[in-house]
Amino acid sequence: MKRIEIKEVLALSGDGRAVSVCGWVRSRRGNKNVSFIALNDGSTIKNIQVVADLAKFSDEDLRQVTTGACLHVTGTLVESMGAGQTVEIQADSIEVYGTADPLTYPLQKKGHSLEYLREIAHLRPRTNTFGAVLRIRHNMAIAIHSYFHEHGYFYFHTPLITASDCEGAGQMFQVTTKNLYNLKKDKDGQIDYSDDFFGKMAALTVSGQLEGELGAMALGKIYTFGPTFRAENSNTPRHLAEFWMIEPEVAFIQKEELMDLEEDFLKYCVRWALDNCKDDLQFLNDMFDKGLIERLRSVIDTDFVRLPYTEGIAILQEAVKKGRKFEFPCNWGDDLASEHERYLVEEHFGKPVIMTDYPKEIKAFYMKLNEDNQTVQGTDVLFPAIGEIIGGSVREENYDKLMAEIERRNIPMKDMWWYLDTRRYGSAPHAGFGLGFERLLLFVTGMQNIRDVIPFPRTPKSAEF
RNA sequence: GCUUCCUUAGCUCAGUCGGUUAGAGCAUCUGACUGUUAAUCAGGGGGUCCUAGGUUCAAGUCCUAGAGGGAGCGCCA
């Protein structure tokens with residue numbers, strides 16, 4: 001008999017048909033006449049109830065049916081006599097594929113702390129919570145590809161290994177085949193990379209943006225979606241050393257259209273979750289965050305605030321005048337601290353904010369300079385609880401202005417001639433943004449720690465599994 | 001990287017002012033129960049109190065250092 005997934009079984013009527021299912025035992029309970037096995041195969045957060053009549057199965061048969069064991073069950077699908085489910089399987093045979101010794105199996109049918117589950121990340125996908133999070137994670141990835149594909153973007157693959165030293169987005173992990181305990185040095189005592197694999201210093205990418213711009217200057221609209229690596233010693237619930245980033249880059253758009261894209265894209269993803277992950281969201285809503293679904297709905301129903309930095313500073317200073325205390329100062333020219341972002345998003349407006357036109361000194365070299373010569377066309381999306389979920393900008397397309405900024409900042413561009421060529425040959429106005437995939441997942445799942453929305457998190461001092 | 005908190009049974013946690021044999025719930029094991037819903041009820045077993053020093057008649061408790069983890073901040077997505 002062909003095995004069917006539990007998600008499919010639960011949609012059938014209990015008309016007495018024969019079924020075959022496989023899955024892992026979540027719990028077993030019962031009395032001396034009947035045993036109830038909650039079985040889950042990952043296809044849905046819901047379990048199928050398998051009923052084992054003890055007239056048909058001996059204690060010996062069921063002794064190995066413990067929490068965590070893997071079973072293959074055949075039986076008859078019937079209307080449930082109990083209250084918790086509509087259908088259940090009256091078992092004819094139970095084959096134990098793999099046992100799980102209850103004395104050593106780390107997962108129990110009772111709840112566990114998320115911190116504990118991080119220590120057993122190889123098994124935590126078997127819990128309700130991580131099953132839900134990981135199914136949502138998949139759906140969000142599909143939503144992202146779907147959005148861009150529907151809107152005529154091309155999925156552009158940027159390299160993970162890069163030899164350019166000035167992407168400027170953070171500390172990089174070096175890539176080498178050299179023996180780090182016996183490095184060849186040149187006459188000045190510097191490391192000699194000439195005999196290394198790439199013949200020069202190489203590292204894992206911190207951003208695909210610069211290469212993404214090359215794609216946009218040919219294909220018009222592209223997006224990247226891949227792993228990104230930052231060697232920053234960041235110990236927070238919002239940072240990973242290895243995370244996934246989405247970076248669309250679009251030719252011929254201005255700031256307003258960029259903000260439209262950011263807002264439309266985020267709403268599309270959230271709507272996708274509400275439409276396609278109902279059971280999983282309901283579980284997370286019930287177990288972790290009673291306001292989750294309501295908050296997701298509110299995001300797709302509201303217009304994001306579009307707030308120039310200068311006005312944001314004015315609002316913050318007004319708040320300070322009225323007695324609001326902040327740890328850090330917020331004068332024009334300062335980078336906003338988390339507390340300032342949170343005040344604006346959570347207290348003052350109560351909805352997502354797209355902050356624009358930042359002082360050029362606090363933003364990257366490639367952002368387009370405004371006519372005031374003071375501000376650049378950054379467009380960051382700030383979300384409640386998460387902070388900066390998107391960092392975007394219109395790019396400076398004028399070669400002379402871009403070079404002037406590069407020189408002013410002493411950025412070493414000798415390996416970046418290819419990037420500058422975009423401005424030398426057929427330069428075009430263009431814009432784009434970077435979205436941290438896991439930060440989107442924090443928002444969509446309501447999880448509090450970014451280590452709980454990726455299967456195997458990498459953080460400082462932690463690369464287990 | 002800075003600040004701060006935590007580490008006691010398989011899991012979650014209590015443990016008073018430093019004082020006798022370190023406790024609870026759940027899990028596990030045994031038994032009871034004719035359909036349970038994280039079943040319930042009764043009973044049993046289960047401890048390097050994170051590690052190493054120190055103070056003290058006496059340390060789970062106080063001190064120092066280290067390890068691991070959480071949170072806040074910085075950096076950022």
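Lettering of chains follows the sequences in order, A, B, ..., and the numbering in each one begins at 1. Computed from a predicted structure; not experimentally measured.
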For nucleotides [N] and [M], find the distance between their [atom1] atoms and express it as a whole number of Å.
| N | M | atom1 | answer |
| --- | --- | --- | --- |
| B/rA22 | B/rG46 | P | 13 Å |
| B/rG23 | B/rA9 | P | 14 Å |
| B/rA14 | B/rC50 | P | 13 Å |
| B/rA59 | B/rC49 | C1' | 11 Å |
| B/rC6 | B/rU64 | P | 13 Å |
| B/rG54 | B/rU12 | P | 32 Å |
| B/rU48 | B/rU8 | C1' | 12 Å |
| B/rG68 | B/rU51 | C1' | 11 Å |

Rounded interatomic separation in angstrom, taking [atom1] from [X] and [atom2] from [N]:
| X | N | atom1 | atom2 | result |
| --- | --- | --- | --- | --- |
| A/Tyr116 | B/rC11 | OH | P | 5 Å |
| A/Leu123 | B/rG10 | CG | P | 17 Å |
| A/Phe225 | B/rA77 | CZ | P | 17 Å |
| A/Arg63 | B/rC29 | CZ | C1' | 12 Å |
| A/Ile450 | B/rA77 | CD1 | C1' | 8 Å |
| A/Ile120 | B/rG68 | CD1 | P | 20 Å |
| A/Leu107 | B/rU28 | CG | P | 13 Å |
| A/Glu388 | B/rG74 | CD | P | 12 Å |

- Message: Any side-chain to backbone donor/acceptor pair from A/Arg439 onto A/Arg238? Under 3.5 Å, distance only.
- Response: yes
- What nucleic acid atoms does A/Gln108 come within less than 4.0 Å of, heavy atoms only: base, sugar-phosphate, or nothing?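 Base, at least one base heavy atom under 4.0 Å.
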- Task: Would you indicate what A/Phe328 reaches in the nucleic acid, counting non-hydrogen atoms under 4.0 angstrom: base, sugar-phosphate, or nothing?
- Result: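 Here A/Phe328 touches the backbone only, sparing every base.
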Verify the contact: side-chain N or O of [X] to OP1 or OP2 of [N], cut-off strictly under 4.0 Å; return yes or no.
| X | N | result |
| --- | --- | --- |
| A/Arg118 | B/rG68 | no |
| A/Ser338 | B/rG72 | no |
| A/Arg451 | B/rG69 | no |

- Message: Looking only at the side chain of A/Asn449 (C-beta and beyond, no hydrogens), which of the listed nucleotides B/rG70, B/rG74, B/rU28 gets closest?
- Response: B/rG70
- Closest to side chain of A/Pro102, choosing from B/rG10, B/rA71, B/rC29: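 Taking heavy atoms from C-beta onward, the closest nucleotide is B/rC29.
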- Message: Each nucleotide in nucleotides 32-41 of chain B should get exactly one letter: B, S or -. Can you fill that in based on protein heavy atoms under 4.0 Å?
- Response: -BBBBBBB--
- Query: In this structure, which one of A/Lys221, A/Arg395, A/Gln209 forms a side chain to side chain donor-acceptor pair (under 3.5 Å) with A/Glu249?
  - Reply: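 Filter result, single survivor: A/Arg395.
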- Message: Heavy atoms within less than 4.0 Å of RNA chain B: which residues of residues 233-249 of chain A have one? Give them sorted by number.
- Response: A/Asn233, A/Ser234, A/Asn235, A/Thr236, A/Pro237, A/Arg238, A/His239, A/Leu240, A/Phe243, A/Met245
- Item | Sole candidate of A/Val65, A/Asn47, A/Asn40 that passes side chain to side chain contact (heavy atoms under 4.5 Å, CB included) when paired with A/Val25 |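 When A/Val65, A/Asn47, A/Asn40 are each tested with A/Val25, the side chain to side chain contact (heavy atoms under 4.5 Å, CB included) holds only for A/Val65.
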- Message: On a heavy-atom basis, which atom in A/Leu134 and which in A/Pro125 lie closest, and how many Å separate them?
- Response: CD1-CB, 3.8 Å
- Query: Can we say A/Glu405 and A/Arg408 salt-bridge, meaning some charged N sits less than 4.0 Å from an Asp/Glu carboxylate O?
  - Reply: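 Here A/Glu405 pairs with A/Arg408 in a salt bridge, since their nearest N and O are under 4.0 Å apart.
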- Salt-bridge present (A/Arg295, A/Asp289; N to O < 4.0 Å): yes
- Query: Nearest nucleotide by nearest heavy atom, which residue falls closer to the 5' end of RNA chain B, A/Asp335 or A/Glu119?
  - Reply: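 Checking each residue's closest nucleotide, the 5'-ward one belongs to A/Glu119.
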- Would the A/Phe328 and A/His340 ring centres measure less than 6.0 Å apart? no
- Output field: ring centroids A/Tyr223/A/Phe156 closer than 6.0 Å: no
- Strictly by modelled atom types, are A/Thr356 and A/Arg306 linked by a side-chain donor-acceptor pair under 3.5 Å? no
- Query: Could you go step by step and tell me if A/Leu114 and A/Phe130 meet the side-chain contact (heavy atoms from CB on, under 4.5 Å) rule?
  - Reply: CA-CA 10 Å; A/Leu114 295 170; A/Phe130 283 89; 4.0 Å; yes
- Task: Please assess A/Asn370 against A/Gln374 for the test side chain to side chain donor-acceptor pair (under 3.5 Å), listing each intermediate value before the final yes or no.
- Result: CA-CA 7 Å; A/Asn370 280 316; A/Gln374 301 287 315; over 6 Å; no
- Query: Dot-bracket for RNA chain B, 5' to 3', with Watson-Crick and G-U pairs under 3.5 Å, [ ] for crossing pairs and | for other-strand pairs: what is it?
  - Reply: (((((((..((((.....[...)))).(((((.......))))).....(((((..]....))))))))))))....
- Mind telling me whether A/His151 and A/Tyr268 have parallel, tilted or perpendicular rings, with 30° and 60° as the class edges? perpendicular
- Go through A/Tyr309 and A/Thr375 one step at a time and tell me if the side-chain contact (heavy atoms from CB on, under 4.5 Å) criterion holds. CA-CA 9 Å; A/Tyr309 168 90; A/Thr375 58; 5.9 Å; no
